[in-house]
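First the proteins, then the strands, lettered A, B, ... as listed; each starts at 1.
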Protein chains: 2
Amino acid sequence: MSIDICALCPVREHALCSCLNDEERIVLNGLSQRRRVMAGETVMWAGDESRICANLQSGVLKVVAATTDGREQIVSLVYPADFVGEPYATEIAFTVTALSDAELCTFPRLLFERFLEEHARMGNLLLQRTLGALKDARARMLTLARLSAGEKVAGLLLDMAVRAGRHSYRPDQSEPVTFDLPMTRGHMADVLGMTIETVSRQLTKLKSAEVVVLSGARTITIVDGNALKKRAMAA
Amino acid sequence: MSIDICALCPVREHALCSCLNDEERIVLNGLSQRRRVMAGETVMWAGDESRICANLQSGVLKVVAATTDGREQIVSLVYPADFVGEPYATEIAFTVTALSDAELCTFPRLLFERFLEEHARMGNLLLQRTLGALKDARARMLTLARLSAGEKVAGLLLDMAVRAGRHSYRPDQSEPVTFDLPMTRGHMADVLGMTIETVSRQLTKLKSAEVVVLSGARTITIVDGNALKKRAMAA
DNA sequence: GCAGATCCTTGATCCAGATCAAGGCGGTTC
DNA sequence: GAACCGCCTTGATCTGGATCAAGGATCTGC
């Protein structure tokens, strides 16, 4: 009998399983297996059989779509408490790789699917999260296809201020915020569908315009949130 | 008591409700309302309250994301038997408009959500479809961000050959297929994130290369499916 | 604190696709 | 059958961002 490891879980209040009662949670825990990955390590490969699903406990992952000739696009970033994996798919469509060291709580796909079907409340919660992810993906389609480089970078900075910096950040109330960018220029370029050089130039432009301050490559202060929002345009 | 209108439904075998037994289906039917829309008419507006969900019975719809200054991107095409709407959202994020005359079987959102929660099998089916839509959206993110104009057009033609032409079409077995393009050049441009002119030029290029034959603007024959697939690159 | 690697910035040039502009082709109306 | 209208094609030009190229900044291990 395994001990109640969920008690120590850093995301137990926010992950999918937060909707379960103690009894149900213990059953699900019985199916789970903890896994640690190092920055740069790949969690699942496109083309492989879909064998596991997981909740992310700590760290950040990227979900990547790629052409056969090696062009890549990050289609999603996975933060702690987010669900990752492809239930009801036999073959993995998108490669998932750790951007930082990370910890996952994994489940065998087939057992996870069975559990979902037997616990409708969790099934429903996953449905709601999947609908949210779909909305996100569609919003980003607009970004990728129709926004200029300047708009893309401004929008990503605002996103990151909220997700990686203070969750409460509102650009409107323009008190400056400082935080560490959670990714390299290269990853930003992969998220936004552009090149490293263009990302760098746009950041330099924002710096010259005194909208942001860059202290070293990774630390940023948003000085004028309103100006940044104006440059981002699309909601 | 309403008559059993589902018996006449053209998509009863393929829509979400196909997983229900007779009794359940009659309950759901009690919540539904048929709606006809004309080509060009908008079914739901971004920004409005999310009041209805629906199964599409006939016709084709587009789901559109737009910036405040009017740039647009089609993020999804909805075909018969597909589900459309935004359950569990209070405000509509994407405008839905008919590309052709269309018929919908609509449900009030809140009653539909309740029904989903009380009929886990349908909830699970919607989850599977939503996961499929998410995969689609992510694949299209790669297309929008990283493929060339030529690759985009070739890929869309193959897609349409399958969805709008013969469902069984396989480009590998290169017997020619003829079908009518289900949309204008303008809509193709909106789907692919480019301009009408570029779409037109790419089609002309495919014609000159004798990969396709265009008989009038709307009828197309794919002569060399393999060549077209080669030009599309990305899976 | 130095060697090497990785990441970032900046400059010069190029090009795919946007934009601007001008007809051409089918349908529809009366 | 003439006039119109929406859609499509083609040509000329422009430009945002990619690509090519060369350092500069930071970090890591020893």
Side-chain angles (χ1 to χ4, degrees), chain A residues 38-40 62 67 69-73 97 99-101 143-157 180-209 212-220 231 233, chain B residues 38-40 62 67 69-73 99-100 142-157 160 180-209 212-220 231 233:
Chain A
M38 311 244 292
K62 63 174 178 179
T67 59
D69 66 344
R71 283 168 286 176
E72 288 193 356
Q73 177 62 42
T97 303
L99 291 184
S100 63
D101 291 354
T143 296
L144 289 171
R146 302 296 185 183
L147 298 199
S148 69
E151 291 169 324
K152 286 178 179 179
V153 170
L156 182 61
L157 289 182
D180 274 7
L181 297 175
M183 56 182 111
T184 66
R185 300 288 184 275
H187 288 133
M188 290 192 230
D190 285 350
V191 169
L192 297 175
M194 25 197 260
T195 59
I196 290 182
E197 294 93 323
T198 303
V199 172
S200 179
R201 278 187 249 271
Q202 291 301 328
L203 286 172
T204 303
K205 198 177 286 184
L206 288 172
K207 188 171 146 185
S208 312
V212 305
V213 172
L214 294 165
S215 338
R218 280 301 185 67
T219 306
I220 191 170
R231 283 165 190 256
M233 281 264 16
Chain B
M38 312 243 293
K62 64 175 178 179
T67 59
D69 66 345
R71 284 169 284 176
E72 286 192 358
Q73 177 62 43
L99 291 183
S100 64
L142 177 63
T143 297
L144 290 170
R146 303 295 187 182
L147 298 198
S148 68
E151 291 170 323
K152 286 177 180 179
V153 169
L156 183 61
L157 289 181
M160 291 192 302
D180 274 8
L181 297 174
M183 55 182 114
T184 66
R185 300 289 184 272
H187 288 132
M188 289 192 231
D190 285 349
V191 169
L192 298 175
M194 24 197 262
T195 58
I196 290 182
E197 294 94 323
T198 302
V199 172
S200 179
R201 277 187 250 270
Q202 291 300 329
L203 286 171
T204 304
K205 197 176 288 184
L206 288 172
K207 188 172 148 185
S208 313
V212 305
V213 172
L214 293 166
S215 336
R218 280 303 185 67
T219 305
I220 191 170
R231 282 165 191 256
M233 281 264 13

What contact category does Ile196(A) fall into here, base, sugar-phosphate, or nothing, at under 4.0 angstrom with non-hydrogen atoms? base
Which nucleotide wins on minimum distance to the side chain of Thr195(A), given the candidates dG17(D), dA18(D), dT9(D)? dA18(D)
Can you tell me the distance, in whole Å, between the CG atom of Leu181(A) and the C1' atom of dT26(D)? 15 Å
Taking the side chain from Glu151(A) and the backbone from Arg231(A), do they hold a donor-acceptor pair closer than 3.5 Å? no
Under 4.0 Å between any heavy atoms, over every strand shown, what does Arg218(B) touch: base, sugar-phosphate, or nothing? Just pick one. sugar-phosphate
Is a side-chain N or O of Arg146(B) found less than 3.5 angstrom from the main chain of Arg71(A), in a donor-acceptor match? no
Outermost contacting nts on DNA chain C, any atom under 4.0 Å from chain B heavy atoms, listed 5' then 3', are dG17(C) to dC20(C)
To the nearest Å, give me how far apart CZ (Arg71(A)) and P (dA18(D)) are. 13 Å
How long is the line joining CG of Leu214(B) and P of dC8(D), in whole Å? 11 Å
Spacing of Lys205(B) atom NZ relative to dT9(D) atom C1', expressed in whole Å: 15 Å
The side chain of Thr198(A) lies closest to which of these nucleotides: dT19(D), dA18(D), dT9(D)? dA18(D)
Thr184(A) near the nucleic acid: base, sugar-phosphate alone, or nothing, with a heavy-atom cut-off under 4.0 Å? sugar-phosphate
Could you state the CG-P distance from Leu147(B) to dA18(D), rounded to the nearest angstrom? 15 Å
Rounded distance [0.5 Å steps], OG1 in Thr143(B) versus CG in Leu192(B): 8.0 Å
Would you kindly give the CE-to-P distance between Met194(A) and dT19(D), to the nearest whole Å? 13 Å
